[in-house]
Number of protein chains: 2
Amino acid sequence: MKKISPTIRDVAAAAGVSVATVSKYMNGAQRFSAPVEAKLKAAIAELGYRSNPLARSMITGRTRTIGLTILDISNPHFTNVVKGANRIALRHDYTLLLVDTDENQARERPLIEALAQRVDGLIVSSRMPDEESQWMLDLDKPLVLLRRSEGLPIPSVGIDNRLAAYMLARHLLNLGHRHIAYLGFGQARINDERIRGARECLDEVGLALDVHDAHAPTAHAGEHACSRVMLGPRRPQAVICYNDLIALGFMKEAASLGIRVPQDVSVTGVDNVPYGEYAAPALTTVDIQSEKMGELAMQKLIDALAGHAEIGHSMFEPRLIVRDSTAAASH
Amino acid sequence: MKKISPTIRDVAAAAGVSVATVSKYMNGAQRFSAPVEAKLKAAIAELGYRSNPLARSMITGRTRTIGLTILDISNPHFTNVVKGANRIALRHDYTLLLVDTDENQARERPLIEALAQRVDGLIVSSRMPDEESQWMLDLDKPLVLLRRSEGLPIPSVGIDNRLAAYMLARHLLNLGHRHIAYLGFGQARINDERIRGARECLDEVGLALDVHDAHAPTAHAGEHACSRVMLGPRRPQAVICYNDLIALGFMKEAASLGIRVPQDVSVTGVDNVPYGEYAAPALTTVDIQSEKMGELAMQKLIDALAGHAEIGHSMFEPRLIVRDSTAAASH
DNA sequence: TTGAAAGCGCTAACAA
DNA sequence: TTGTTAGCGCTTTCAA
């Protein structure tokens, strides 16, 4: 027996008041006379009434939902972003509408446009270049980008990628490495920034950076790329990987090729995903504070929703985490 | 200049037809005469009209959204569940409303009740015992549980936990281990099933299982528990951990205690999270097909939404993955 | 094939 | 403090 849920009218009738009174009561909008309040309380409890959020949203125009689009929830970096964003959302009584675009560029725009209609605001992680992202402005919803948005008047949260790569390069130089390779992911917008950072550092001492591409930001791609990088004509002493997943895969494959990390090659990642610590050897990386990024992005969005709009880029500072996958050059 | 988005009435006016006609056109409900169709198409394109999903939902009662509550998105097992569920949802044009309850039991019920009002159906992962979950039936929405629900008439998806643990115990017995410990997580409902499975196997050869508790399903908890298990009075030859995260943490701490895995102690996990493969040593575990669980749960829910309701438990078969963290007993 | 009209459940002026 | 009333943007009979 499926009971239809009671409406505000049922409550009004049961309590002997008007629907407006019930509405105000539900929203805690004002004070009520004792008898009315008592009757309302009783009627609501009796019927098990809960106001319909859809109907309310249609009028108020607010859904208390935040849309979050990410490229791949399997990537621990994004997992942590979600975790952080969710924590702040929950605290402010918002819910997350999650869209995992699965690294599928074509799908991204329609998915985001559809999402925008059902939420109060969006946090977007996308690989789309700024020049092709103009349409985001037409969504007409508060937005926060998870990256630096140079050309767009949209607040954003990110990390100093140039500095992160610079720090890794510096660390490797300090260890005595001279031939350093970069195993990147060209599709990512931030890949260029990282290359630039590493180059900048090597330039200072007159060294060149060998750039390779893994074609995907995954451990599997790192495994695949390893032999290409390590068994090619110019074998590097150290490899800076685009992210920890690629580095993890790279190290695993190196082991099966009989190449020892860090004795034969030093390896670094970026992201500080939770499992780099448990890898063999533990991964040297740069902490980019993924969870805090999610938190700040959500906080910015909620602030914007509350009228404290503020367009600007917030940049977290990278922090080098030295573990066992990097060691002094041997020669 | 913020342009208000056009309504169905604007389109009707621009096209010189009624709102009913526009509505039907938007829903592809029927055929139209050529001139009407042309005018509609033009007006819609001109105004950039997109129908308001909220208003539609209020009438139809459907939101094309599925609620998914999980205990902790940071746990790769749940990450994969989300991934799988999302894939199927996307395919059927549904969106995921994600709630991460953060292992917070008290919050669970109100969060789920609120969520239920905004979605067409829910997939729920919870630690609440069946006896305390009666209220879920009153949500009046199609539901799928991510676990076995003995007492509840709710479809569910899970894994054969008894068998999973049995397999691990058997594997360790085959390797010659006699003193086997279990490092569990008592809060989890399935913990008992796993204990039972391992006990059953050991019973067959007249051995006992030493049961410990890690108090959390995390790598950190595993690290913490390691010395307690390994430096206590009865040091085990092998440890079956509740999940891979605990096992990963356990192995890391073992290394810093100077205990070698697998020479001094064999360690296993459960879940087959993506990073067990990159750990040192690579982790022996049981694959529970997290992603497929998410997919199936979503598929069941979508079927139920389409009227093909079917209450029943679907159980995936565990699969033993032997890697390097287990080895023959040395004595 | 098209349109008129009656709501969906609720909020928000405004009046009383 | 409480009630009346007019919608929010859309779908859905039902009639034309």
Side-chain angles (χ1 to χ4, degrees), chain A residues 2-44 47-65 114 116-120 140-141, chain B residues 2-44 47-65 114 116-120 140-141:
Chain A
K2 195 165 199 166
K3 58 179 172 296
I4 197 81
S5 38
T7 76
I8 198 173
R9 255 182 284 272
D10 299 327
V11 177
V17 299
S18 76
V19 292
T21 303
V22 181
S23 171
K24 287 167 194 155
Y25 180 78
M26 291 302 289
N27 294 310
Q30 52 173 67
R31 300 194 47 179
F32 298 87
S33 65
V36 167
E37 181 158 357
K39 282 193 295 181
L40 279 170
K41 202 174 284 182
I44 289 168
L47 297 172
Y49 172 72
R50 325 203 66 201
S51 83
N52 180 331
L54 250 55
R56 157 189 271 133
S57 290
M58 202 173 66
I59 295 174
T60 63
R62 276 168 293 100
T63 61
R64 291 213 82 79
T65 302
Q117 294 195 88
R118 334 186 68 242
V119 300
D120 293 348
D140 241 10
K141 298 271 173 163
Chain B
K2 195 165 199 165
K3 59 178 172 297
I4 196 83
S5 40
T7 77
I8 198 172
R9 256 182 281 272
D10 299 326
V11 177
V17 298
S18 75
V19 292
T21 302
V22 181
S23 171
K24 287 166 193 158
Y25 180 79
M26 290 303 289
N27 294 310
Q30 54 174 63
R31 299 195 47 180
F32 298 86
S33 66
V36 168
E37 181 158 358
K39 281 192 295 182
L40 280 169
K41 200 173 286 181
I44 289 168
L47 298 172
Y49 172 72
R50 323 204 67 200
S51 84
N52 179 329
L54 249 56
R56 158 191 269 130
S57 289
M58 201 173 68
I59 295 173
T60 63
R62 277 168 290 101
T63 61
R64 292 213 81 81
T65 302
Q117 291 194 90
R118 334 185 69 244
V119 300
D120 294 348
D140 240 11
K141 298 270 174 167

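Per chain, numbering begins at 1; letters A, B, ... match sequence-line order.
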If I take atom [atom1] in residue [X] and atom [atom2] in nucleotide [N], what distance separates them, rounded to the nearest angstrom?
| X | N | atom1 | atom2 | result |
| --- | --- | --- | --- | --- |
| B:R62 | C:dC8 | CZ | P | 17 Å |
| A:L54 | C:dC10 | CG | C1' | 11 Å |
| B:I59 | C:dC8 | CD1 | P | 10 Å |
| A:L47 | C:dG9 | CG | P | 14 Å |
| B:K39 | C:dT1 | NZ | P | 16 Å |

Item to check | Selection: residues 6-30 of chain A, any non-hydrogen atom under 4.0 Å of DNA chain C | outcome: A:T7, A:I8, A:R9, A:A20, A:S23, A:N27
Let me have the donor-acceptor pairs involving side chains of residues 14-21 of chain B, under 3.5 Å, with sequence neighbours excluded, atom names and distances please.
{"from": "B:S18", "atom 1": "OG", "to": "B:A20", "atom 2": "N", "distance (Å)": "3.4"}
{"from": "B:S18", "atom 1": "OG", "to": "B:T21", "atom 2": "N", "distance (Å)": "3.2"}
{"from": "B:S18", "atom 1": "OG", "to": "B:T21", "atom 2": "OG1", "distance (Å)": "3.1"}

Checklist entry - A:S51 near the nucleic acid: base, sugar-phosphate alone, or nothing, with a heavy-atom cut-off under 4.0 Å? => result sugar-phosphate
Next on the checklist: Using a 3.5 Å distance criterion without hydrogens, assess whether the side chain of A:D120 forms a donor-acceptor pair with backbone atoms of A:T63.
Outcome noted: yes
Next on the checklist: If we ignore hydrogens and angles and just use 3.5 Å, is the side chain of A:K141 paired with the main-chain N or O of A:V119 as donor and acceptor?
Outcome noted: yes
Checklist entry - Quick one: is A:R56 getting a side-chain N or O under 4.0 Å of the C:dT11 phosphate, OP1 or OP2? => result yes
Checklist entry - Under 6.0 Å from the CZ atom of B:R50, do we count more than 12 heavy atoms belonging to anything else shown? => result yes
Which donor-acceptor pairs under 3.5 Å do the side chains of residues 24-38 of chain A make with protein atoms, sequence neighbours left out?
{"from": "A:N27", "atom 1": "OD1", "to": "A:R56", "atom 2": "NH2", "distance (Å)": "2.1"}
{"from": "A:N27", "atom 1": "ND2", "to": "A:S23", "atom 2": "O", "distance (Å)": "2.9"}

Item to check | Nearest heavy-atom neighbours spanning B:T65 and B:R118 | outcome: CB-O, 4.2 Å
Checklist outcome for this item: Of the candidates C:dT2, D:dC10, C:dT1, the side chain of B:N52 sits closest to D:dC10
Next on the checklist: The side chain of A:M58 is closest to which nucleotide in this list: C:dT2, D:dC10, D:dC8?
Outcome noted: D:dC8
